[in-house]
Amino acid sequence: MKTRLLSTLSLIVFLGISLGAQDRNSVPYKESHPEFQPKTDLRPDKVVLLYPEGQAAGKGIVEDGVEITFGPTEDNGLRGEEICNKSGNRRNVGDDARMDLYFPEKPNGLMVIIAPGGGYSFISTFNEGVYVAKWMVDHGITACVLKYRMPNGHKSVPLDDAQNAFRYCRHHAAEWGVNKIGIEGSSAGGHLASFTSVMYKDNITRPDFAILLYPRITLRHNEECNTKENLVGKDEAWDNNIEAHLKLLEECSPNTYVNENTPPTFFVLSSNDKSVPATNFIPYYTRLIENNVPVELHVYPTGGHGWGFSSEEYKGKGKDKFSHYRPEFEKALERWLEDLNNE
């Protein structure tokens with residue numbers, strides 16, 4: 001496809017050697033050293049910047065004179081180049097927040113916006129990003145890997161990006177053969193996915209379904225948690241006003257807002273998760289049940305945290321700590337998505 005045949009000029013545009021703001025609206029895949037590439041041949045068919053003129057301009061995406069997404073309500077304050085390691089963990093995401101779009105040859109009508117985890121300090125773009133997209137595309141599902149801005153203490157930033165991703169994808173759904181758009185998130189991405197599920201502005205920004213892998217949902221005082229610290233700051237910063245801190249943590253915990261309109265949800269986690277306690281999801285799950293929201297839950301004895309979609313195909317034989325349960329998990333997810341699509 002055209003995006004895979006990158007010209008030198010396209011690369012210059014994406015690397016930020018400015019040729020004008022209009023050139024930043026739709027940008028090609030950024031190639032880098034082979035060591036820093038995912039272990040799959042899949043590459044985005046299209047990459048779209050959420051804020052083509054940067055955060056400070058306060059503008060979203062305009063097409064044919066129509067503003068189809070909104071400008072950011074907050075600037076996360078991060079500037080300069082992004083940093084990515086060989087595992088695909090990408091840091092310092094700011095002005096170049098974007099959507100990597102993947103289109104299956106035979107779309108089945110479903111689309112998933114993918115929110116990788118990383119404790120809101122980085123984005124796990126391989127394990128919880130492109131490998132998720134690969135699975136989705138292989139099953140006929142259109143995929144969007146959201147490379148959202150790091151909050152950097154600005155709690156509204158990731159949600160702004162997720163809602164704008166929904167606005168963009170809804171706008172183009174018909175031409176892509178998409179009927180339903182859901183969200184998938186892992187770890188901190190699970191926090192963003194669940195928050196997006198309860199804090200939507202309208203039917204455009206409301207997910208049709210949610211898939212949550214070992215999500216961080218409930219935020220608690222005096223519990224070590226990178227997601228919480230990067231979103232609202234360290235607990236000790238609130239020592240002089242603990243009551244206000246508790247209120248803030250409740251406001252930033254998605255379970256607070258669950259109601260009968262929260263979308264159907266698919267949970268997967270491991271009992272021996274040491275990073276996010278397996279019990280963390282219970283308040284959200286309980287509220288879903290109380291509000292008669294369809295929910296499916298899978299809890300596996302082992303696997304720990306962060307197993308994502310990195311099967312042995314990507315990690316090597318014997319290196320996938322979730323390998324024993326992965327086939328069962330994938331089959332259950334495939335069946336759940338098929339049922340949703342048939343409703």
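By the rule that hydrophobic residues join a cluster once side-chain heavy atoms approach within less than 4.5 Å of another member, V62 and F70 end up as members of separate clusters. Hydrophobic clustering (side-chain heavy atoms under 4.5 Å, transitive across Ile, Leu, Val, Met, Phe, Trp, Tyr) keeps I242 apart from L248. By the rule that hydrophobic residues join a cluster once side-chain heavy atoms approach within less than 4.5 Å of another member, M150 and I113 end up as members of one cluster. Both I289 and V293 are members of a single hydrophobic cluster when ILVMFWY side chains are connected at heavy-atom separations under 4.5 Å. Both M111 and I61 belong to a common hydrophobic cluster when Ile, Leu, Val, Met, Phe, Trp and Tyr are linked at side-chain heavy-atom distances under 4.5 angstrom.
Counting heavy atoms from C-beta on, the side chains of K321 and R326 never come closer than 4.5 Å. You'll find the side chain of L110 reaches within 4.5 Å of the side chain of F209, heavy atoms only. Y102 places none of its side-chain heavy atoms less than 4.5 Å from the side chain of T142. Counting heavy atoms from C-beta on, the side chains of P38 and R43 come closer than 4.5 Å. In this structure the side chain of L212 never reaches within 4.5 angstrom of the side chain of F281, judged on heavy atoms. No side-chain heavy atom of P215 sits less than 4.5 Å from a side-chain heavy atom of V276. Residues K319 and E312 form no side-chain contact, since every pair of their non-hydrogen atoms from C-beta on lies 4.5 Å or further apart. Residues T40 and F126 form no side-chain contact, since every pair of their non-hydrogen atoms from C-beta on lies 4.5 Å or further apart.
Remark: the backbone N or O of G308 is not paired with any side-chain donor or acceptor of E128 at under 3.5 angstrom. The closest donor-acceptor contact from the side chain of T196 to the backbone of L192 lies under 3.5 Å. T256 places a side-chain N or O within donor-acceptor distance of the main-chain N or O of E250, the cut-off being under 3.5 Å. The main-chain N or O of F122 is never found under 3.5 Å from a side-chain atom of N89 such that the two would form a donor-acceptor pair. For K180 (side chain) and L340 (main-chain N/O), a donor-acceptor pair under 3.5 Å exists by modelled atom type. N85 contributes a side-chain N or O that, together with a main-chain N or O of S87, makes up a donor-acceptor pair within less than 3.5 Å. Side-chain N or O atoms of E53 include none that pairs as donor or acceptor with a backbone N or O of K59 at under 3.5 Å. D160 places a side-chain N or O within 3.5 Å of a backbone atom of T73 that can act as its donor or acceptor partner. With hydrogens and angles disregarded, no donor-acceptor distance shorter than 3.5 Å links the side chain of R220 to the backbone of C225.
Every residue meeting the ring-ring contact (aromatic ring centres under 6.0 Å, His included) condition with F266, not counting sequence neighbours, appears here in chain and number order: H298, W336.
In plain terms, the two heavy atoms of Y314 and K134 that are nearest each other are OH-CG, 3.4 Å. P283 approaches T218 most closely through the heavy-atom pair CG-OG1, 3.6 Å. Closest of all the heavy-atom pairs between P116 and V145 is CG-CG1, 4.1 Å. Nearest heavy atoms, L50 versus T69: O-OG1, 4.2 Å. Of all heavy-atom pairs spanning P254 and I217, the tightest one is CD-O, 3.2 Å. Closest approach of S310 and N127 over heavy atoms only: OG-OD1, 2.6 Å.
For the pair K228 and D235, the salt-bridge criterion is met [side-chain N within less than 4.0 Å of a carboxylate O]. A salt bridge links D208 with R170; the closest basic N to acidic carboxylate O contact falls under 4.0 Å. Using a cut-off of 4.0 Å between Lys/Arg side-chain N and Asp/Glu carboxylate O, R335 and E296 are scored as salt-bridged. With respect to the salt-bridge test (charged N to carboxylate O, under 4.0 angstrom), the residues K315 and D320 do not qualify. Taking the charged nitrogens against the carboxylate oxygens, E243 and K247 have no contact shorter than 4.0 Å, which rules out a salt bridge. We find that R287 and E260 are not joined by a salt bridge, their nearest charged nitrogen and carboxylate oxygen being 4.0 Å or further apart.
For Y300 and F322, the gap between ring centers is short of 6.0 Å. Two rings, from Y325 and F329, have their centers 6.0 Å or more apart.
The line from CE of M199 to CD of E251 is 9.0 Å long, rounded to the nearest 0.5 Å. Interatomic distance, CG of N92 versus SG of C84, reported as 12.0 Å (0.5 Å rounding). Note that CH2 of W135 and OG of S311 are 12.0 Å apart. Values are rounded to the nearest 0.5 Å. Atoms CG and CG, from N341 and N108 in turn, are 5.0 Å apart once rounded to the nearest 0.5 Å. The CG atom of D161 sits 9.0 Å away from the OG atom of S156 when rounded to the nearest 0.5 Å. With rounding to the nearest 0.5 Å, the separation of CH2 in W307 from CG in D273 is 9.5 Å.
Counting non-hydrogen atoms of other residues, nucleotides and ligands closer than 6.0 Å to CG of D202 gives a total above 12. Summarising the local packing, NE2 of H221 is surrounded by more than 12 heavy atoms from other residues, nucleotides or ligands at distances under 6.0 Å. Atom CG of D239 sits in a crowded spot, with more than 12 heavy atoms from other residues, nucleotides or ligands closer than 6.0 Å. No more than 12 heavy atoms of other residues, nucleotides or ligands shown are found within 6.0 angstrom of CD1 on I204.
For the side chain to side chain donor-acceptor pair (under 3.5 Å) condition, the pairs that include at least one residue of residues 182-193, sequence neighbours left out, are Y120-H191, E184-S186, S187-H305.
Under the 30°/60° scheme for interplanar angles, the aromatic rings of Y168 and W176 are found to be tilted.
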Any chance you could lay out the side-chain contact (heavy atoms from CB on, under 4.5 Å) test for I183 and F166, step after step, and finish with the verdict? CA-CA 9 Å; I183 190 165; F166 269 93; 4.0 Å; yes
Does L146 form a side-chain contact (heavy atoms from CB on, under 4.5 Å) with I114? I'd like the steps, not just the answer. CA-CA 6 Å; L146 178 62; I114 298 162; over 6 Å; no
For C169 and V178, what are the C-alpha separation, side-chain angles and deciding distance, and is it a side-chain contact (heavy atoms from CB on, under 4.5 Å)? CA-CA 9 Å; C169 293; V178 168; over 6 Å; no
Between T302 and N272, does a side chain to side chain donor-acceptor pair (under 3.5 Å) hold up when you go through it step by step? CA-CA 5 Å; T302 59; N272 69 336; 5.3 Å; no
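Of the options R149, K147, R79, a salt bridge (charged side-chain N to carboxylate O under 4.0 Å, His left out) to D95 is made by R79 and by none of the others. The side chain to side chain contact (heavy atoms under 4.5 Å, CB included) test with F267 singles out one residue from L213, L288, V299, and that residue is L288. Of the residues listed (R98, H172, M99), the one engaging V48 in a side chain to side chain contact (heavy atoms under 4.5 Å, CB included) is M99, and it is the only one.
In summary, the side chains of R206 and Q163 do not present any donor paired with an acceptor at a separation below 3.5 Å, with no hydrogens or angles considered. With hydrogens and angles left out, the side-chain atoms of Y51 and N164 include a donor and acceptor closer than 3.5 Å.
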